[in-house]
Structures are given as structure tokens and as C-alpha cells.
Amino acid sequence: MAQPTSPQQTRRRTELAGFLRSRRARITPADVGMPPGLRRRTPGLRREEVAQLAGVGVTWYTWLEQGRPINASVQVLDAVARVLQLDVPEREHLYRLAGIPFVREPASDAEVVGEEVLAILAALNPLPAAVLNSRYDVQASNATYQVLWPMTSVVARHERNVLYKLFTVPECCSTIVNSDSELPGMVAQLRRAYGHHMGEPAWESFVARLTEESPLFAQLWASGDVAAPGPRVKVFRHHAVGTIRLSTSSLSIDGMPEHRMVVYRPVADEDAEQIERLRAVPDPVIGCPKHGRPLSEVLAEKAAHTAQAARAAPDEKIPLSR
């Protein structure tokens with residue numbers, strides 16, 4: 001005899017159905033290596049295409065997307081999440097809606113962007129380069145970028161966000177000198193991307209957190225300005241060598257919608273020389289001379305907190321700053 005369905009379960013299945021449809025609509029055949037085909041009425045992948053790529057039955061996936069009371073295993077949800085190219089917060093949301101416990105495991109850069117993209121990042125050295133999503137999370141970066149911008153490289157993955165670091169560190173510790181001209185444009189790009197993610201828990205919580213912690217972000221966000229990504233000149237400051245002017249170029253990545261590889265090129269010969277000096281610094285200071293700490297100290301503290309958290313509370317977030 002079937003168990004009665006509670007109103008909460010019904011609502012959750014309805015939310016699950018809508019979430020799956022919205023994720024499917026944003027993935028194009030080209031994103032998963034399929035030919036586009038002719039006369040496609042579906043804005044993204046078809047249900048049968050998701051089922052085929054995930055290795056599940058078409059009827060089962062259709063019922064899942066219709067919100068029917070069916071059971072889903074961890075393995076099947078993992079396969080669906082892989083095809084729909086969900087990030088970690090989206091996977092967590094999927095599991096919660098499906099009523100399956102989700103264990104957040106730290107993902108390596110290779111698991112997020114793939115070995116091929118990591119190899120390209122490494123080959124770009126000494127040019128700084130990183131892969132960012134539309135929320136400015138740093139998904140992977142090369143060695144030069146990690147020295148140039150350690151605030152988004154040596155911290156835990158959930159803290160590797162460019163915007164959050166720029167808006168919450170003291171101005172004297174900020175990596176970017178020309179923040180007055182750069183920050184409004186970055187927030188405008190974030191708002192443009194936000195239009196595709198309204199109502200999603202990960203995005204709503206991110207915007208709410210920044211709004212609460214940064215009056216400047218709250219002001220820029222309230223302006224309602226939107227902008228598309230484009231080439232920029234950013235002036236970085238590193239107290240070991242001085243300022244470095246870099247021009248940015250954003251490149252799309254096959255199979256990773258809403259992600260881009262950002263490559264930083266020296267504006268002049270002296271900027272290239274500054275990068276080489278920075279790469280030669282054995283133990284750079286993160287932050288300004290007054291508030292900053294050597295990279296070695298930060299890494300040692302991180303290792304100590306990681307070991308302590310593993311013994312006491314594995315799910316506890318690890319603070320890396322005082």
C-alpha cells in the first residue's frame with residue numbers, strides 16, 4: 001500500500017521538477033558534444049537526451065521531472081547532475097529536493113574544470129590565468145595567478161570568490177588599486193548573470209551576504225546597473241614589488257556554460273618584469289604590511305585548522321583570517 005504524500009513532499013517534488021527543467025533548458029547540445037540538429041523546439045536539451053547521457057530510463061527521468069513520487073538513488077542523481085553540469089551548491093539543492101542526504105566533499109580543481117583545462121592554465125604561465133564562473137567563484141588558477149591574487153587561491157573552495165574578497169577586506173589590503181572604476185562594472189556583470197538565477201538558494205544567499213557585509217556592494221547592487229563582460233585593464237598592487245598593470249581577456253570553455261577563462265596580459269614591458277619579480281618572491285605577504293601575513297604562515301594555519309576540524313567537526317568551515 002502506497003504511503004500518503006504530505007504537503008511538504010508534494011511541494012518539494014514540484015520544486016524539484018521546476019529546478020530540473022530550468023537546468024536542462026540552459027544546456028545546449030554543443031555543451032555536451034552533441035550536434036544541434038534541426039527544428040529544435042526545446043531551448044536546451046531534450047528529456048530523452050538527458051536520460052541517454054545520464055544512463056537512465058527516459059520514462060524514469062520524465063517522471064522525475066514531472067514531480068511524480070519516485071525514488072532516486074545517489075548514483076542516479078550524480079549522473080543527472082553531471083549531465084546538467086551543476087555546481088556544488090546546485091547539486092546540494094538537487095539532493096535536498098530529492099530527499100537524499102548530501103555529503104559535501106571538497107572537490108579538487110581537476111574535478112571541477114578537468115585535466116585538460118588545468119593543463120592549459122599551467123601552459124599559460126607566466127601569464128596569470130584563472131577559470132571563473134558567473135558568480136566570480138575561482139574554480140581553478142595557475143601558479144602566477146595564485147601568487148598575484150593569493151586571497152582567492154589559498155583559502156577553502158567555498159571562500160574562493162573574487163567579489164567577496166574585494167568587498168570585505170580593508171581597502172589597504174585590496175589587491176586591485178583601481179577598484180573605484182572596476183567594482184561597479186563587476187557588480188553590473190554579476191547582476192546580469194543573476195537574471196538567469198533568481199530564486200536559486202546559492203545565488204540569493206551570496207547576494208544577501210554581500211549586501212549585509214558591504215555597504216558599498218549594497219549601494220552598487222541597488223543601482224540596478226547591468227553590463228556584459230569585456231576587456232579591462234586592472235591595476236594590481238603587491239607590496240613586495242609594487243603595482244602591475246594587466247589587460248584581461250575572457251575565453252569561453254567548451255562544456256562549461258557560464259564559465260570563462262580569464263587571462264591577464266602585461267600592458268607594458270615593465271609590467272611583465274614586475275610579474276617575474278613577483279614570481280621570484282619566496283614568501284609573499286597576503287594583504288598590506290600592517291594587516292598582512294606571510295603566505296607560509298597562512299598555509300601553516302590552514303593545515304592546522306584542517307587537522308583540527310577533521311578530528312572535531314568535519315563539516316565546520318575553517319577560518320583563515322584573524
Side-chain angles (χ1 to χ4, degrees), residues 1-32 34 37 39-105 107 112 133-135 137 158 190-212 221 224 226 255-259 315:
M1 182 176 179
Q3 295 293 324
T5 301
S6 68
Q8 182 180 6
Q9 289 174 319
T10 300
R11 172 68 186 277
R12 192 170 61 192
R13 287 173 183 149
T14 301
E15 291 288 334
L16 173 62
F19 179 68
L20 287 172
R21 288 195 296 269
S22 69
R23 301 306 88 184
R24 175 167 59 86
R26 74 179 185 180
I27 304 297
T28 66
D31 291 332
V32 293
M34 298 176 61
R39 298 183 179 179
R40 295 185 66 92
R41 297 180 180 178
T42 305
L45 293 179
R46 300 186 180 102
R47 286 174 177 168
E48 57 268 26
E49 291 169 339
V50 174
Q52 178 184 3
L53 291 169
V56 301
V58 175
T59 300
W60 182 91
Y61 180 78
T62 300
W63 286 358
L64 183 68
E65 206 176 89
Q66 290 175 344
R68 297 198 187 189
I70 60 174
N71 294 323
S73 66
V74 172
Q75 292 78 9
V76 168
L77 287 180
D78 277 345
V80 171
R82 173 181 52 79
V83 173
L84 298 181
Q85 301 179 6
L86 305 186
D87 60 20
V88 175
E90 289 172 330
R91 286 182 61 227
E92 183 175 4
H93 186 56
L94 171 67
Y95 274 68
R96 187 181 298 112
L97 292 178
I100 300 294
F102 178 82
V103 179
R104 181 186 291 274
E105 298 179 356
V112 177
N133 62 14
S134 56
R135 204 168 51 228
D137 294 319
H158 66 269
L190 179 74
R191 179 172 279 282
R192 181 175 182 265
Y194 172 78
H196 300 284
H197 299 277
M198 292 180 62
E200 296 179 15
W203 277 76
E204 298 294 348
S205 62
F206 175 73
V207 172
R209 182 184 181 190
L210 260 181
T211 301
E212 179 181 355
W221 186 257
V226 296
M256 296 187 68
E258 296 197 54
H259 286 71
D315 294 330

Would you say Gln52 has more than 12 foreign heavy atoms packed within less than 6.0 Å of its CD?
no
Please step through side-chain contact (heavy atoms from CB on, under 4.5 Å) for the pair Val226 and Arg191, ending with a clear verdict.
CA-CA 6 Å; Val226 296; Arg191 179 172 279 282; 3.8 Å; yes
Check whether any side-chain heavy atom of Val76 sits under 4.5 Å from a side-chain heavy atom of Trp60, and report yes or no.
yes
Once you measure the plane-to-plane angle for Trp203 and Tyr194, does it fall in the parallel (<30°), tilted (30-60°) or perpendicular (>60°) bin?
tilted
To the nearest 0.5 Å, what is the distance between CZ on Arg91 and CG on Leu84?
12.0 Å
Determine whether a donor-acceptor pair (N or O, by modelled atom type, separation under 3.5 Å) exists between the side chain of Arg47 and the backbone of Val58.
no
To the closest 0.5 Å, what do you measure between CG (Leu97) and CZ (Arg13)?
12.0 Å
Rounded distance (nearest 0.5 Å) linking atom NE2 of His93 with atom CG of Leu16
8.5 Å
Given side chains that start at C-beta, do those of Val50 and Ile27 come closer than 4.5 Å, heavy atoms only?
no
Pair Arg26 + Glu90: basic N to acidic O under 4.0 Å
yes
CZ of Arg11: more than 12 outside heavy atoms within 6.0 angstrom?
no
So, for Ala81 and Leu94, which heavy atoms are closest and what is the spacing to 0.1 Å?
CB-CD2, 4.1 Å
With the side chain counted from C-beta on, respond yes when Tyr61 and Val83 share a heavy-atom pair under 4.5 Å apart, and no when they do not.
no
What distance do Leu77 atom CG and Leu86 atom CG have between them, rounded to the nearest 0.5 Å?
10.0 Å
Least distance between heavy atoms, Val112 atom then Met256 atom:
O-CE, 3.8 Å
Arg24 side chain to Leu45 main-chain N or O, any donor-acceptor pair under 3.5 Å?
yes
Heavy-atom closest contact (Gly67 atom, Ala17 atom, distance):
N-CB, 3.8 Å
When every non-hydrogen atom of Arg82 is compared with those of Ala54, the smallest separation belongs to NH2-CA, 4.1 Å
Reported CD-to-CG distance for the pair Gln66 and Leu20, which is rounded to 0.5 angstrom
11.5 Å
